[in-house]
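The sequence lines fix the lettering, A, B, ..., with proteins before strands; numbering per chain opens at 1.
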Amino acid sequence: MVASGGERRVGSPSIWRRFARNRLAVAGLLILTVLALVVTIGPLVIPADKVTAQVRTATFAPPSRDAWFGRDEFGRDAFVRAVFGGRISLGISFVAAIMTTIIGVLMGIVSGYAGGAADAIVDRFVELILTLPFLLLLILAAAVAPPSATSIVLILGLFGWPVLARLVRGEFVALKHRDFIEAARACGASDARIVFVHILPNAVAPIVVTATLILATNLIAEATISFLGLGIHPPTPSWGNMLTEAQRYLIQSPFLAVFPGMLILVTVLCVNLLGDGLRDALDPRQKR
Amino acid sequence: MVGFIVRRLAQGAVLLALLSIVVFLMVYLAPGDAADFAINQRATEQEVQRFRHEMGLDLPWYRQYMHLAGNWARLRFGNSIIQRKPVATIIKQQLPRTAEILALSILFSLLLAIPIGIISAIRQYSLIDNVVTVLSFVGIAFPSFFLALMLILLFAVRLHWLPTQGAQTIGQSASIADHLKHLVLPVLTLTLIRTAGWSRYIRSSMLEVLRQDYIRTAHAKGLTARAVLARHAFRNALMPLITLLGLSLPDLVAGAIVTEQIFSWNGLGQLIVTSAGKRDTPVVLALTLMSGGAIIIGNLLADIGYRVVDPRIQLS
């Protein structure tokens, strides 16, 4: 195990080559990139009023060149809604995943490196959060919080970190008494330097992999909360709430459910494939 | 062993107490209270205030909490503010609904996932393994509500085979056949999702076992492949099932929230969503404590189960 840098650093050529050999993971990354580009650039190109523009003569129109995903019960363009909804769904999941990762890593460092009382306190929080099923916790919080994108990000971010914190804690406990850490301390390295320069880089691989899993969980969670009517409220579209509305019109127009549903499915699938590929490429010894 | 169980249960009780405070405060601090939902919309401000006073909703939070906690200490859950019935009665009414779809889906998932996982491990990288792998990847990524909608689309909208709402046809006298028909789609949804994950677990656990030395020894002794699998590999590969089953216990409250919602299935999942929305604190807390208790007991059972199956494991 190297203290920092060396072969295992993210982005070094050998890791990329190992990742590239996993064709499914590369496909996942490509599809995700395309999706991310469409939902970020799309809303800049498409005028925002098209999201709610109603064409009353074309309600439930099937997919056509005019409206790629068809039109919904108000004659709104389902493709435009899926693009704007995707920006919200992907945006929330991504921002929340970053927040979760930061909280998880910091909590893991505090309990793993400091130990003692800090460790005990963090562990109580972890146990407390894990005493309820994740989805139930989210639904309870979403049911009582004001419905907004910010609420969902905060809820996902504040409740998602325990698994990551335990993982990071494990790495720190395993490494903090190793010789190279003692050596660094003897050379006069500060705690911050030891934590961030000497120990944390060793944990980058599992952290990155866990972060992708968190992203996938968030995507499903956001869609579920919005589907249940506790998250993003119409007329603002999200992939989840588009399905809520589509549920009522399955007979008239199944397309309205199929497209947003497939987008969620494909995105989550690609994130999972990406995570698998990253795990194999970053740390071949780690097995599920 | 007894000491271990007692210690874990005591820790669990402390966690549940903390959990109840956190969830109570979550509901308490949320905008609005049960009085806004309990009496009809046209009630005057005075009537709402009187109701609030009757129900003790105007008391400071710790007194409201102490009142609830006092009930729990006497093993009572109190009354629902919205439905004005004992919480225990409401739960007793809805629990069987959730229990039946969960029990059936767990049973079918086991029947599917065990053979699928084991066959794809024995024939690793064969055509069948690859097909199973792709399907389970898709299954794991499938949001349950989308799967449910696709099943409705196929079996109800296109084929007209199955009903999609509730536990029996409204306006018909209750019959078992009718109820079974209503069960199919919710159970199928839950079964498919669960099977996707479980068959992966069993596959990787079986692969792990097949790599062990004692399997090689068994082969070297000249046992037939069938005997090695049946007597040596199979039993050990099923160890993770204990965890999976233990972790399924908490699903009794919240495991089918989405499925219940889509199929208008009147179970505990629906109950907790509506109760949280209407700030019906006694119901929310009763269900939360049930769910948390189920997690603690489920984990404990899984640990004990492991110990029973593999006496080398130390409980600490």
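At a 4.5 Å heavy-atom cutoff, Ser275(B) makes no contact with chain A through either its backbone or its side chain. For chain B, the nearby parts of Ala141(A) are the backbone and the side chain; heavy atoms of each come within less than 4.5 Å. Neither the backbone nor the side chain of Val14(B) has a heavy atom closer than 4.5 Å to any heavy atom of chain A. Contacts of Ala223(A) with chain B are made by both backbone and side-chain atoms, with heavy-atom separations under 4.5 Å. In this structure, chain A has a heavy atom under 4.5 Å from the side chain of Leu16(B), while its backbone stays farther away. Both the backbone and the side chain of Val138(B) come within contact range of chain A, each with at least one heavy atom under 4.5 Å from a heavy atom of that chain. Proximity to chain A is limited to the side chain of Ile296(B), based on heavy atoms less than 4.5 angstrom apart.
Distance CG/Leu137(A) to CE/Met26(B): 6.0 Å, rounded to 0.5 Å. Atoms CG and CG, on Leu128(A) and Leu19(B) in that order, are 5.5 Å from each other to the nearest 0.5 Å.
Put simply, of Asn272(A), Ile264(A), Leu140(A), the one with the most heavy-atom pairs under 4.5 Å next to chain B is Leu140(A). Here Leu228(A) is the residue among Leu130(A), Leu24(A), Leu228(A) with the most heavy-atom pairs under 4.5 Å with chain B. Heavy-atom pairs under 4.5 Å with chain A were tallied for Ile272(B), Leu287(B), Val27(B), Val22(B); the largest tally goes to Ile272(B). For the options Leu230(A), Ile251(A), Leu269(A), heavy-atom pairs under 4.5 Å to chain B are most numerous at Leu269(A).
Open room surrounds CZ on Phe125(A); 12 or fewer heavy atoms of other groups in view lie less than 6.0 Å from it. Annotation for Tyr28(B): atom OH counts as buried by contact number, over 12 foreign heavy atoms lying within 6.0 Å. The number of heavy atoms from other shown groups lying within 6.0 Å of CZ (Phe69(A)) is above 12. Within 6.0 Å of atom CZ in Phe60(A), more than 12 heavy atoms from other residues, nucleotides or ligands are found, so the atom counts as buried in its surroundings.
Heavy atoms only, all atoms of each residue included: Leu149(B) and Gln247(A) are closest at CD2-CG, 3.5 Å. The shortest non-hydrogen separation linking Arg279(B) to Ala143(A) is NH1-O, 3.3 Å. Summarising the geometry of Leu136(A) relative to Ser291(B), their closest heavy-atom pair is CD2-OG, 3.5 Å, with the distance given to 0.1 Å.
Counting only heavy atoms from C-beta outward, the side chains of Thr288(B) and Leu132(A) approach each other to under 4.5 Å. For the pair Pro143(B)/Val268(A), no side-chain contact is recorded, criterion being any heavy-atom separation below 4.5 Å from C-beta on. Between Leu18(B) and Glu127(A), every side-chain heavy-atom pair lies at or beyond the 4.5 Å cut-off. At least one side-chain heavy atom of Phe137(B) sits less than 4.5 Å from a side-chain heavy atom of Asp276(A). In this structure, the side chains of Met150(B) and Val258(A) come closer than 4.5 Å at one or more pairs of heavy atoms. Side-chain contact between Met262(A) and Phe146(B) is present, with heavy atoms from C-beta onward closer than 4.5 Å.
Residues from residues 215-222 of chain A that place a non-hydrogen atom less than 4.5 Å from a non-hydrogen atom of chain B comprise Ile220(A), given in numerical order.
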